[in-house]
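Everything on this sheet refers to the single structure shown next.
Along the sequence shown, the residues carry numbers beginning at 1.
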Amino acid sequence: MKNRTSEQLPGALLRWVSGGILCLVLAGCATGPNANPRDPWEPFNRQVTEFNDAVDGAVLKPVATVYRDITPDPVRTGVSNFFENLRDGWSFINASLQLRPREAVENFMRFNVNTFFGLAGVLDIASEMGIERTRLDFGQTLGRWGIPSGPYLVLPIFGPSSVRDAAGFTIEARGDFVQGLSDVALRNSLYALRAVETRANLLRATTMLDGAALDKYSFTRDVYLQRRESQIEDLKDKGIGLQNGDGQHTDTK
């Protein structure tokens with residue numbers, strides 16, 4: 001029973017996220033005429049942010065701090081390389097879906113070189129060979145094909161997103177290479193290690209943000225939306241993007 005429960009945790013979390021998105025869309029979450037048009041669900045998003053901050057302060061940040069302090073740099077580099085190699089596999093898929101042959105070939109080569117010659121990606125042989133990495137996700141792929149971002153959305157645990165990016169994240173999570181492992185204990189250990197490693201890499205940035213005299217929620221939202229919009233506009237500037245759902249290109253320059 002215990003193994004079966006642990007095996008169902010990733011899927012249950014994905015269903016929770018997907019169900020929350022659906023409820024928001026159906027409910028509308030109206031916040032009045034003064035609501036930020038990019039963030040009409042701000043009251044809900046702020047509540048989720050408070051929940052995420054509480055979980056982070058109680059669990060993620062302390063564990064990530066200990067991990068950073070006691071783990072030798074070569075080990076951390078190997079762990080980071082391993083998970084980056086898995087992302088390269090997804091970047092190859094998304095580059096192919098975005099019709100970007102150069103990035104598709106480069107990420108395909110990176111994934112294979114590091115997997116077979118770099119101890120499953122622990123060693124970043126591809127970078128030493130000068131093969132560039134381009135990080136691409138399914139949210140960008142949807143944007144490339146003209147799907148509008150939709151409202152800003154803060155996901156439980158996972159943080160800042162949008163309706164489009166949350167849909168892309170859900171799809172990628174279901175095809176996650178780690179989720180495909182049959183060994184439940186190993187799979188859950190890798191999930192935990194990836195979360196801790198990701199949080200450890202953000203320790204310095206969040207410390208600076210916490211010390212700044214500003215509204216952390218608004219700052220994080222604006223930076224996230226501007227960054228994602230810039231990434232999609234970059235695709236359009238290269239002539240490989242489609243118009244948004246309203247038929248208009250948005251100029252961020």
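- In the hydrophobic clustering of ILVMFWY residues, with side-chain heavy atoms under 4.5 Å counting as a link, Val59 and Leu203 come out apart.
- With hydrogens and angles disregarded, no donor-acceptor distance shorter than 3.5 Å links the side chain of Asp56 to the backbone of Asn52.
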| request: Could you walk me through whether Asp88 and Arg135 pass the salt bridge (Lys or Arg N to Asp or Glu O under 4.0 Å) test, one step at a time? | output: CA-CA 7 Å; Asp88 287 342; Arg135 295 178 181 173; over 6 Å; no
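- Note on Val178 and Val79: same hydrophobic cluster, where clusters join Ile, Leu, Val, Met, Phe, Trp and Tyr whose side-chain heavy atoms are under 4.5 Å apart, directly or indirectly.
- Of the listed residues (Arg187, Arg194, Arg87), just one forms a salt bridge (charged side-chain N to carboxylate O under 4.0 Å, His left out) with Asp176, and that residue is Arg194.
- Counting non-hydrogen atoms of neighbouring residues, nucleotides and ligands closer than 6.0 angstrom, the CG atom of Asp73 reaches no more than 12 such neighbours.
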| task | Output, in order, the C-alpha distance, side-chain angles, deciding distance and verdict of side chain to side chain donor-acceptor pair (under 3.5 Å) for Arg76 and Asn201. | result | CA-CA 10 Å; Arg76 280 200 60 196; Asn201 289 333; 2.8 Å; yes
| task | Mind running side-chain contact (heavy atoms from CB on, under 4.5 Å) on Glu42 and Tyr217 for me, showing each step along the way? | result | CA-CA 10 Å; Glu42 182 172 347; Tyr217 171 84; 3.7 Å; yes
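- Judged purely by atom type and a 3.5 angstrom limit, Asn107 has no side-chain atom pairing as donor or acceptor with the backbone of Trp90.
- Glu106 has its side chain out of reach of Arg133: every pair of non-hydrogen atoms, C-beta onward, lies at least 4.5 Å apart.
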| said: As a quick check of understanding, evaluate side chain to side chain donor-acceptor pair (under 3.5 Å) for Tyr224 and Asp165, giving each step before the final call. | reply: CA-CA 11 Å; Tyr224 179 85; Asp165 290 344; 2.6 Å; yes
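- Side-chain rings of Phe169 and Phe138 stay apart, their centers remaining 6.0 Å or farther from each other.
- Panel note: side chain Ser161, backbone Ala166; a donor-acceptor pair is recorded below 3.5 Å.
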| request: Please lay out, stage by stage, how Ile157 and Val55 fare under the test side-chain contact (heavy atoms from CB on, under 4.5 Å). | output: CA-CA 8 Å; Ile157 305 299; Val55 173; 4.0 Å; yes
| said: Determine whether Arg100 and Asn94 satisfy the following criterion, side-chain contact (heavy atoms from CB on, under 4.5 Å), listing intermediate values before the conclusion. | reply: CA-CA 9 Å; Arg100 302 173 67 176; Asn94 283 294; over 6 Å; no
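- In the hydrophobic clustering of ILVMFWY residues, with side-chain heavy atoms under 4.5 Å counting as a link, Leu202 and Phe158 come out apart.
- Grouping Ile, Leu, Val, Met, Phe, Trp and Tyr by side-chain contacts under 4.5 Å, direct or through others, puts Ile70 with Val66.
- Taking every heavy atom of both residues into account, Ser162 and Gly150 meet most closely at CB-O, 4.3 Å.
- In terms of heavy-atom proximity, Ala200 sits nearest to Ala64 at N-CB, 3.7 Å.
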| request: Give the C-alpha distance, both sets of side-chain angles, the deciding distance and a yes or no for side-chain contact (heavy atoms from CB on, under 4.5 Å) between Glu103 and Ser91. | output: CA-CA 8 Å; Glu103 289 85 354; Ser91 292; over 6 Å; no
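- Contact between Gln98 and Leu136 at its shortest, heavy atoms only, is OE1-CD2, 4.0 Å.
- Taking CZ from Arg144 and CG from Asp234, the interatomic distance works out to 13.0 Å, rounded to the nearest 0.5 Å.
- Ser149 OG to Ile232 CD1: the interatomic distance, rounded to the nearest 0.5 Å, is 9.0 Å.
- Between the Ser230 side chain and the Gln226 main chain, no donor and acceptor come within less than 3.5 Å of each other.
- A salt bridge is defined here as a Lys NZ or Arg NE, NH1 or NH2 lying under 4.0 Å from an Asp or Glu carboxylate O, and Arg46 with Asp39 fails to meet this definition.
- Between the CD atom of Glu50 and the CG atom of Asn45 there is a distance of 11.5 Å, given to the nearest 0.5 Å.
- Glu132 is listed as a side-chain neighbour of Arg102, based on a closest heavy-atom distance under 4.5 Å.
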| said: salt bridge (Lys or Arg N to Asp or Glu O under 4.0 Å) for Asp137 and Arg228? Distances and angles first, verdict last. | reply: CA-CA 11 Å; Asp137 58 62; Arg228 295 298 287 178; 2.9 Å; yes
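- In plain terms, the two heavy atoms of Leu190 and Phe83 that are nearest each other are O-CZ, 3.5 Å.
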Which side-chain N or O atoms in residues 119-127 pair as donor and acceptor under 3.5 Å with protein atoms at least two apart or in another chain?
from	atom 1	to	atom 2	distance (Å)
Asp124	OD1	Arg110	NH2	3.0
Asp124	OD1	Asn114	ND2	3.1
Asp124	OD1	Ser127	N	3.2
Asp124	OD1	Ser127	OG	3.2
Asp124	OD2	Arg110	NH2	3.4
Asp124	OD2	Ser127	OG	2.5
Ser127	OG	Arg110	NH1	3.1
Ser127	OG	Arg110	NH2	3.3

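- Counting non-hydrogen atoms of other residues, nucleotides and ligands closer than 6.0 Å to CZ of Phe108 gives a total of 12 or fewer.
- Separation of atoms CE (Met208) and OG1 (Thr206) is listed at 10.5 Å; rounding is to 0.5 Å.
- The OH atom of Tyr191 sits 13.0 Å away from atom CG of Leu193, with the distance rounded to the nearest 0.5 Å.
- Between Phe111 and Phe177, the two ring planes are parallel [angle under 30°; tilted spans 30° to 60°].
- Under the 4.5 Å side-chain heavy-atom criterion for ILVMFWY residues, a single connected hydrophobic cluster contains both Ile131 and Val105.
- Among all heavy-atom pairs drawn from Trp41 and Tyr152, the shortest one is CE3-O, 3.8 Å.
- Between Phe44 and Val154 the shortest heavy-atom distance is CE2-O, 4.3 Å.
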